[in-house]
Amino acid sequence: MITPVENIPASEQALIEKAQSLAGLSLGEIAQQANITVPKNLNRDKGWPGLLLEYTLGATAGSKPEPDFPELGIELKTIPINRQGKPLETTFVSVAPLTGMVGSNWQNSHVKNKLSRVLWVPIVAERDIPIPERIVATPFLWSPSPEEENLLACDWQELTDMIVLGEVENINGRHGQVMQLRPKAANSKAKTDAFDKHGRPFKTLPRGFYLKIPFTQMLIAKHLRIG
DNA sequence: CAATGATCATGC
DNA sequence: GCATGATCATTG
């Protein structure tokens, strides 16, 4: 497995330069330099690309509830894309609290905090490309523009309102313009506390906020280098 | 064939 | 169970 090491970037500039120096490299090359074995498939190693990049860029590995680069306030996210730069998957943001949100708002939400500064590392990762041959595209640092934040805040409010009204089980992946609420659990038997529409507590599947593909696709398009 | 709902590994 | 890292795979 992948374990942390002490090559923590000293500055935002150093981090970005290090990340961009990886552009064009394959996961196999990066893994080799790190002395890490590449899995044959990701069935049982779904988080492997993320962990590899965390390790390579000097992020703090593990399950700490902090940004990947605490000193810099930057979150690292790898995102699989096709050769045209379109994301192949939605992007997990954070688990959705289903209780105790009285008084919570967009400004103090985990979602806003998580997405305040993100170092995106796109990886050309079409399914027919073997893992070691998948190529890192151009990493870029992003913070939401006012327009982007408005979209996120709107969706956060809509989904949070439904949760507060006890309608969490009526929420599906179609809700939200750019951000959706979907299961986030080990399996469908996992349960967490929530409230129904009568205000009665009950157990339900844990959910997470995910960025929809058109949204992340737009971010990548905005940062495309033409050359 | 894209998207929604389900799932996998790890640490504490 | 929850928080970290995500992708799988069935379905509409």
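So that the names make sense, note that chain A is the first sequence line, chain B the second, and so on, each numbered from 1.
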### Message
Taking salt bridge (Lys or Arg N to Asp or Glu O under 4.0 Å) as the cut-off, I'd like each qualifying pair that reaches into residues 29-40 of chain A, sequence neighbours left out, listed once.
### Response
none
### Query
Taking only residues two or more places apart in sequence, or in another chain, which ones meet A/I131 in a side chain to side chain contact (heavy atoms under 4.5 Å, CB included)?
A/L27, A/V38, A/L42, A/W48, A/R134
### Task
Take the C1' atoms of the five end pairs on each side of the helix from B/dC1-C/dG12 to B/dC12-C/dG1, get both axes, and report the angle to 10 degrees.
30°
### Task
Round to the nearest Å and state the distance from A/E54 atom CD to B/dT10 atom C1'.
12 Å
## Note on the structure
Under a side-chain separation threshold of 4.5 Å, the hydrophobic residues clustered together with A/F195 are none
Scan nucleotides 4-8 of chain B against the protein and return all N/O pairs shorter than 3.5 Å with their distances rounded to 0.1 Å.
| unit_1 | atom_1 | unit_2 | atom_2 | d |
| --- | --- | --- | --- | --- |
| B/dT4 | OP1 | A/G173 | O | 3.1 |
| B/dT4 | OP2 | A/Q180 | NE2 | 3.1 |
| B/dG5 | OP2 | A/G173 | N | 2.7 |
| B/dG5 | N7 | A/R182 | NE | 2.6 |
| B/dG5 | O6 | A/R182 | NH2 | 2.9 |
| B/dT7 | OP2 | A/S188 | N | 2.6 |
| B/dT7 | OP2 | A/S188 | OG | 3.0 |
| B/dT7 | O2 | A/K46 | NZ | 2.7 |

### Query
For the pair made of OH in A/Y55 and P in B/dT10, what is the distance, rounded to whole Å?
18 Å
### Qualifying residues under side chain to side chain contact (heavy atoms under 4.5 Å, CB included), relative to A/A14, sequence neighbours excluded
A/S11
## Note on the structure
In whole angstroms, the gap separating P of C/dC8 from CH2 of A/W48 amounts to 13 Å
### Task
Go through the structure and list residues passing side chain to side chain contact (heavy atoms under 4.5 Å, CB included) with A/K18, not counting sequence neighbours.
A/S21, A/T56, A/L57
### Query
When the distance from CD of A/E75 to C1' of C/dA3 is rounded to whole Å, what number comes out?
11 Å
### Query
Starting at CG of A/D68 and ending at P of C/dA3, how long is that distance when rounded to a whole Å?
16 Å
#### Entry: Integer-rounded Å distance: C/dC8 P and A/L88 CG
10 Å
### Query
For the pair made of CD1 in A/I131 and C1' in C/dC8, what is the distance, rounded to whole Å?
12 Å
### Query
Among pairs that include at least one residue of residues 145-156 of chain A, which meet side-chain hydrogen bond (donor to acceptor under 3.5 Å, both in side chains), considering only residues two or more places apart or in two chains?
A/W106-A/E149, A/K112-A/E149, A/W142-A/E148, A/S145-A/E147, A/S145-A/E148, A/E148-A/K222
### Task
Round to the nearest Å and state the distance from A/D193 atom CG to C/dG1 atom C1'.
10 Å
### Task
Could you say whether A/V93 or A/I79 is positioned toward the 5' end of DNA chain C, judged by the nucleotide with the nearest heavy atom to each?
A/V93
## Note on the structure
The complete set of side-chain hydrogen bond (donor to acceptor under 3.5 Å, both in side chains) pairs with one or both residues in residues 77-93 of chain A, sequence neighbours excluded, reads A/R83-A/E126, A/T90-A/R182
### Which residues share a side chain to side chain contact (heavy atoms under 4.5 Å, CB included) with A/N41, sequence neighbours left out
A/N43
### Message
Using a strict heavy-atom distance below 4.0 Å, which residues from residues 107-127 of chain A are in contact with DNA chain B?
### Response
none
### Query
Would you find more than 12 non-hydrogen atoms of other residues, nucleotides or ligands less than 6.0 Å from A/E167 atom CD?
yes
#### Entry: Residue pairs, two or more places apart or on separate chains, that pass ring pair (Phe, Tyr, Trp, His ring centres under 6.0 Å) and touch residues 65-96 of chain A
A/F92-A/Y210
### Message
When you measure from the side chain of A/N113 to the backbone of A/S116, do you find a donor-acceptor pair of N or O atoms at a distance under 3.5 Å?
### Response
no
#### Entry: Sugar-phosphate only, base, or nothing, as touched by A/T192 at under 4.0 Å among non-hydrogen atoms
sugar-phosphate
